[in-house]
Structures are given as C-alpha cells and as structure tokens.
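Accompanying notes for the structure given below.
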2 protein chains.
Amino acid sequence: MTPRRPFQRVGEEARRAALIEATLDLIAEGGPQAATVRAIALRAGVTPGLIRHYFATKEDLVAAAHEVLMTGLTEASAARLGELPDDPLSRLSEFLANAVSPPVADPRSVALWAASMQLVPRDEAMRRVHEATYLGFRDRLEAMIAEALATTGRRDEDTRALAIAGNALLDGLWIEAGALPDHFREGELKSIAIKAFSRLLSLDLPEG
Amino acid sequence: MTPRRPFQRVGEEARRAALIEATLDLIAEGGPQAATVRAIALRAGVTPGLIRHYFATKEDLVAAAHEVLMTGLTEASAARLGELPDDPLSRLSEFLANAVSPPVADPRSVALWAASMQLVPRDEAMRRVHEATYLGFRDRLEAMIAEALATTGRRDEDTRALAIAGNALLDGLWIEAGALPDHFREGELKSIAIKAFSRLLSLDLPEG
DNA sequence: TCAGTAATTATGCAAGCGTATAATTAGCCT
DNA sequence: AGGCTAATTATACGCTTGCATAATTACTGA
C-alpha cells in the first residue's frame, strides 16, 4: 500500500493560472505536441485528472492559454507606453526599439506566436483574437506615426499605409530576432528598425 | 482470404514527391498533427509501411517536405525573375509585387510556413533549411537593392541593413496577406510594398 | 521466359494519448 | 471537534501513434 500523494487545495483561480502557465511553457519549449495532459499536470505539480476538473477538454485549456498569452503580449507592449518620453519622435523611436528587443522579441514569444498562428486559419475564436490584437497594435503604431509626422506639420500622409508597412517591418524583424537570434549583432535590429522607420517616414528618429 | 491490394511500382523520385506533397497538403489543411503516417499514406495512395522504405523516420519526411516547400517558395518568387525588365527599378518593383501577391502570398503557403516555423528552434535540420532559404532570399533582394541604388550612383549605402529591413517588410506583409486576406483591398499590399520601398531606398519605384 | 530482387503490402506491437470514473482527503462551516 | 463537500489523486480503458518485421508481388534483365 503505497501512500496516496499528499496535496494542497489551492484556489480555483490559482490552479487555472498554474495549468495555463505550464501549458504555455511546454508549448514554447517543445511545440504543441509537447503539451500533453500528463506533461502539463507534472509541470503544474498536480496529477492529470485534475485538469479535467477545471477544463472540460484539453482543447479548452489550450484556448484559455492562448487568450492569456495574447492579452499578455499586447499588455506588455502597452505597459511601457506610459514610461515613454513625450516627444513624439523619441517616443516612436523607443517604441520601435522595444518591439525588436527582449523581452518582447525573444525565442519563447516567437515560438508561442508561431504555434498559435497555425490555429488561426482553422479556429474562429483564435482568428478573432489574432485580428483584434493585430489591429490593436497597428492602430497604436498608426497614432504614434501620425503624431511624429505632425511635428513637422505633415498631416495629409496616408498613415494607414504607413502603419501597415511599419507594422509589417516590425513583425518581420521580430520574427527573425526570435528565429535566428545569432544572426544579428547586439543592438543591430534596434538600429535597423529605427533607421528604416526614419526613411519610411522621412523623419530623423533619434537612436537611443 | 481477401486479396492483397494490387499496386504499381513508381520510380523512387515520383514516390518521394508524392509522399512529400501529401504531407504538405495535410499540414496545410489540418496542421502538423493531421499529418500522421497513416493519413499521409492514404493521401498518397500507398500503405503506411512504404513510408518507412523511403524515409527512415517520419521526422525525415517532414524535414524533406519543409525543404521542398521553402525552395519552392523562393523559386516561385525567383521564377519570374527572368521575365522581369532589365531596368533595375522596374525589376525591383515587380519583384516586390510578386512577393506579396498570389501564388507566393496565399493562406496555404503561410499556414505551412507557420507550421514549419515551430520546428525551426528545435530541429537542427529545419533550422539549417530556414537559415539557407532566408539568407538566399535576402541576398537576392540585397543584390537588387544595390543595383537599384546604383542607378543614381549611390554605391556606399549600407545595403545589408536595407536588405534586412526590406526582407522583414516583405515577410510581414506576406504573413498578413495570408493570415488576414480580407483585411486588404485588391492590390493594396502591392502598392504599399512599392511605396514603402521607395521611401526606404529614397528611390522612385514605378507602380505596375 | 523466368528467376531474382527491390518495391510494396500486411500485420502486429509497445508506448503514449485524452478521457472517464471511482476512491480519497484537505479544508471549511457550524 | 467533526462531518460535508469539493478538490485532488488513482486507476483504467479505448484509440492512435510511429515503427518494426514478415509476406507478397511487380518489374528487370539475362
């Protein structure tokens, strides 16, 4: 008679969070196929059966994890908005630097993003989250671009097109930073992003 | 005694190609988890055991499929290179338009790419293919950029940085074209790409 | 034409998967 | 203090997976 494993009762909220965190960790490290119920339970310090108690199905757990991830990412890039300088040019410049540097741009985030991208075409809920976060980020960028242009009195530019292009530029740099981190010198992507935006907007953005 | 399934011997080359094509189809439709050996064999019109005859492991098959996909993508954007005008500006312009339009930019390709991106950080063979194709594309772009700049005698620019930024821009547009195809008007991305490059390079690229 | 051989099918296995369900126990309420 | 209940563990089932191996058969070439 081996004794039954002792356990602690933790609040529902904390348990769900722990399970979600374990799920994200595993997906980031080993891809979706690494996030088995047994592995998740092990990582979260519980037994597999408990997952069923909080999530009707594993799919539910993964969906919940995806939502936490995405809102976390957008909040992370919004969080520092308050700390940015008031001057629109410096503000934009630091925003760009942020977007292509850790912790925003790191292999874990990119891996998680790639994993979720796969689900976007096939899962309606996922697509809505993707759409919302993509547009949210782009709109914020567009606003900053408009302010930056306004410093030199240019108010008639096609800021939508500039935001789409700028957003794409950041996305591409962000992905490569995560996928091939060793291909770029320290700070190289930061500098490239700022220089590219300077030319894209015909502005002289300051480099940190 | 049910009779054994009749079969035809097909050349090794054709079989491998069929298996790879089936693999890509399945991944594109249902993600990597849909590409089981049994499903692949079924789609390719053979029995599962045959896969082992051509690929030591399923991982090998997936890696081979990834390589076919990526070289196919770069070749698709290079294919029309021969038909492109000689004038470096028009040439670059049409190259850009190609990269963000079908068949290069379409949901299937983007879905496949996203699936493979997941494996890149964890699989040495995948990373090598990704690296090679990424650098191959970027180098081609860098060469075209250099030629375009040379038309106005500008030979001292940092073409490496411009190619990295330009490549990122194209990647980002390509991804969004595939992920959210309904968010952009017909030809909008094409126009955005050309305008953005014009400003990035301080050149006047012609729009088709 | 027919024997040899490599390509292909058929069968089976061990491991891991998600999930269902029953047994236990920690912590709260009175 | 001591029962109630929900949180947690334990066990087991049915499926699917990748892979190994044996049996067959279509083609080749002498």
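Naming convention: chains lettered A, B, ... in sequence-line order (proteins, then strands); numbering from 1 in each chain. Just so it is clear, the structure is predicted and the values come from calculations on it, not from any experiment.
A straight line from CG of B/L61 to P of D/dC19 spans 10 Å, rounded to a whole angstrom. The distance between atom CZ of A/R38 and atom P of C/dA20, rounded to the nearest whole Å, is 13 Å. Atom CZ of A/R4 and atom C1' of C/dT24 are 4 Å apart (whole Å). In this structure, the CG atom of B/L42 is 16 Å from the C1' atom of C/dA10, given to the nearest Å. Rounded to an integer number of Å, the gap from A/I40 CD1 to C/dC17 P is 10 Å. Distance A/K58 NZ to C/dC17 P: 9 Å, rounded to the nearest Å.
Listed by residue number, B/V10, B/R15 are the residues of residues 10-23 of chain B with a heavy-atom contact under 4.0 Å to DNA chain C. DNA chain D lies under 4.0 Å from at least one heavy atom of each of the following residues of residues 44-57 of chain A: A/V46, A/T47, A/G49, A/L50, A/H53, A/Y54.
Side-chain atoms of A/R91 come within 3.5 Å of backbone N or O of A/P85 as a donor-acceptor pair. At distances below 3.5 Å, at least one donor-acceptor pair connects side-chain atoms of B/T23 with backbone N or O atoms of B/L19. With hydrogens and angles disregarded, no donor-acceptor distance shorter than 3.5 Å links the side chain of A/S191 to the backbone of A/G187.
Taking both residues in full, the closest heavy atoms of B/A115 and B/I27 are given as CB-CG2, 3.7 Å, listed atom of the first, atom of the second, then distance. B/H130 approaches B/H66 most closely through the heavy-atom pair N-CE1, 4.2 Å.
Note on B/R5: a side-chain N or O is less than 4.0 Å away from OP1 or OP2 of C/dT9.
Both B/A35 and B/Q8 lie close to DNA chain D; mapped to their nearest nucleotides by heavy-atom distance, the more 5′-ward contact belongs to B/A35.
A distance of 10.0 Å separates CZ in B/R16 from NE2 in B/H53, rounded to the nearest 0.5 Å. In this structure, the separation between CG on A/L169 and CG on B/D171 is 10.5 Å, given to the nearest 0.5 Å. The OG1 atom of B/T133 sits 12.0 Å away from atom CZ of B/R138, with the distance rounded to the nearest 0.5 Å.
At most 12 non-hydrogen atoms from other residues, nucleotides or ligands lie less than 6.0 angstrom from CD of A/E59.
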